[in-house]
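The block underneath contains the structure these notes are about, expressed in structure tokens.
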Amino acid sequence: MATPVKIKLNGLDMVVDAVPLELEAFKPFGDVVANPRPDLHPAMAAKANDTAGMPFDAIVANQGTAIKYQHVSRMEDLYDQAPSGRTGVAVSNMFVCASRALPRRLEAGVEREVFPVTVLERHPFTSQTFVPLRADPQSRYLVVVAPSLSPSAKDQQLPVPSSRPPGTMANRELPGRGLPDLKGLRAFIATTDQAVTYGAGTWHSPMVALGPADKAIDFFVFQFANEVAVEDCQEVFFGPSTVTVRLQPQSIASKL
């Protein structure tokens, strides 16, 4: 892991409300993967033999027993631009994430969980996808992301890719070298029937599982890596934290 970059918030005091994770709202930062038509059984699509107008250029597959939604998320490997010259390889891991014990605040008679943001990280040369392995209506997870500032002297030692290869299909621009723009920080509540892909170079919080204290969420995680610390992962710490994510009361999973 690269040596963390420590930044001072200069008195910035922010509260960001977490909102439900939706594809369009998350597009500047990455992709949301979920069944876009949970109301449509594959047998019905096969019987109609018509997927025109369906999302993600859907087609009927597997001898009429499946709907194939194509390119729901785009994996990125930009290690050919890494200064070390070391090639990235596909890496798959499992993260078993325990539910976080979050502090609570009483506001206007309503108790809310809050998450103090103290660190953000990014993977400059690769996308990173988190796929929950089990749907659990009691469990949620918190997705915290931020855009990048313009480059500065504070981040000049951090390598990032300069561009994508010609002809690359992408939903967003590369965020650039800069440190996280905390004023643009966003927070989303994801359900365990949603997967997320952080775009290459997107600042994000380490995974925050929500739910009863004895619960955990299992994630399959896919990315590329070359085992050069500063090229695989860059971290920024700030604190004592003055950036807080506030969960809506309905997002607090039952403690029963």
Side-chain angles (χ1 to χ4, degrees), residues 1-19 21 25-32 76 78 93 95 97-100 102-103 113-130 140-161 172-190 195-210 217 219 221-225 228-247:
M1 190 69 69
T3 301
V5 177
K6 296 184 179 180
I7 61 175
K8 187 176 180 181
L9 293 184
N10 297 322
L12 181 64
D13 188 3
M14 292 176 47
V15 176
V16 177
D17 285 319
V19 299
L21 180 65
F26 194 68
K27 266 188 176 179
F29 309 102
D31 302 317
V32 179
E76 287 202 282
L78 301 174
N93 299 300
F95 280 61
C97 299
S99 296
R100 303 277 189 117
L102 299 183
E113 287 181 321
V114 296
F115 174 67
V117 182
T118 59
V119 58
L120 293 175
E121 64 180 48
R122 69 179 175 191
H123 311 284
F125 297 96
T126 179
S127 55
Q128 185 184 44
T129 299
F130 281 79
R140 302 284 190 272
Y141 61 101
L142 183 62
V143 177
V144 180
V145 288
S148 295
L149 294 166
S150 298
S152 70
K154 291 182 179 180
D155 52 66
Q156 63 184 356
Q157 79 277 26
L158 299 180
V160 299
R172 67 200 62 83
E173 298 294 326
L174 289 172
R177 194 188 73 202
L179 296 174
D181 180 2
L182 298 179
K183 292 183 179 179
L185 186 140
R186 300 288 307 277
F188 302 92
I189 298 290
V196 293
T197 295
Y198 297 109
T202 296
W203 289 108
H204 62 276
S205 171
M207 182 52 66
V208 181
L210 306 172
I217 303 178
F219 291 94
V221 182
F222 178 84
Q223 64 191 92
F224 296 89
V228 176
V230 74
E231 294 172 357
D232 280 341
C233 184
Q234 299 166 2
E235 294 179 305
V236 173
F237 289 84
F238 37 90
S241 178
T242 57
V243 180
T244 302
V245 171
R246 181 170 56 192
L247 278 63

pair V119-P206: side-chain heavy atoms closer than 4.5 Å: yes
Mutual orientation of the aromatic rings belonging to F222 and F224 [parallel < 30°, tilted 30-60°, perpendicular > 60°]: perpendicular
4.5 Å side-chain heavy-atom contact, V230 and P159: yes
Taking every non-hydrogen atom, the tightest pair across G201 and P175: O-CG, 3.2 Å
From R246 atom CZ to D17 atom CG, the distance as rounded to the nearest 0.5 Å: 4.0 Å
Expected output: side-chain R100 to main-chain M207 donor-acceptor under 3.5 Å: yes
Sidechain-backbone polar pair: E173 side chain, P28 backbone, donor-acceptor under 3.5 Å: no
Euclidean distance, F238 CZ relative to L182 CG, rounded to 0.5 Å: 5.0 Å
Donor-acceptor under 3.5 Å (R140 side chain, A209 main chain): no
P124 vs Q234 side-chain heavy atoms within contact, under 4.5 Å: yes
Gap between atom CZ of F115 and atom CG of L142 - 0.5 Å precision: 6.5 Å
Derivation of the ring pair (Phe, Tyr, Trp, His ring centres under 6.0 Å) call for F26 and F188: CA-CA 9 Å; F26 194 68; F188 302 92; 5.7 Å; yes
Non-hydrogen side-chain atoms of F29 and P147 separated by less than 4.5 Å: yes
Check: L21 and I189 side chains under 4.5 Å, non-hydrogen atoms: no
Donor-acceptor contact present, side-chain D232 to main-chain A229, <3.5 Å: no
Spacing of S205 atom OG and Y198 atom OH [to the nearest 0.5 Å]: 7.0 Å
V117 and V245, any side-chain heavy atoms less than 4.5 Å apart: yes
Heavy-atom pair of closest approach, residues W203 and G178: NE1-O, 3.1 Å
Ion pair check, D31 and R172, cut-off under 4.0 Å: yes
Heavy-atom donor-acceptor pair, S148 side chain to L179 backbone, under 3.5 Å: no
Approximate separation, where rounding is to 0.5 Å, of R177 CZ and L158 CG: 7.5 Å
Beyond-backbone contact of V144 with V208, side-chain heavy atoms, under 4.5 angstrom: no
Heavy-atom side-chain proximity of S99 to L210 below 4.5 angstrom: no
Side chain H123, main chain Q128, donor-acceptor under 3.5 Å: no
Aromatic ring pairing Y141/F219, orientation class (parallel under 30°, perpendicular over 60°, tilted between): perpendicular
Residues L78, L174; criterion side chain to side chain contact (heavy atoms under 4.5 Å, CB included); working and verdict: CA-CA 11 Å; L78 301 174; L174 289 172; 3.8 Å; yes
Atom pair OG1 (T244) and CG (L185), whose distance is rounded to the nearest 0.5 Å: 10.5 Å
Donor-acceptor pair, side chain of R122 and main chain of V236, under 3.5 angstrom: no
Criterion side chain to side chain contact (heavy atoms under 4.5 Å, CB included) on V221 and T129, from CA distance to verdict: CA-CA 5 Å; V221 182; T129 299; over 6 Å; no
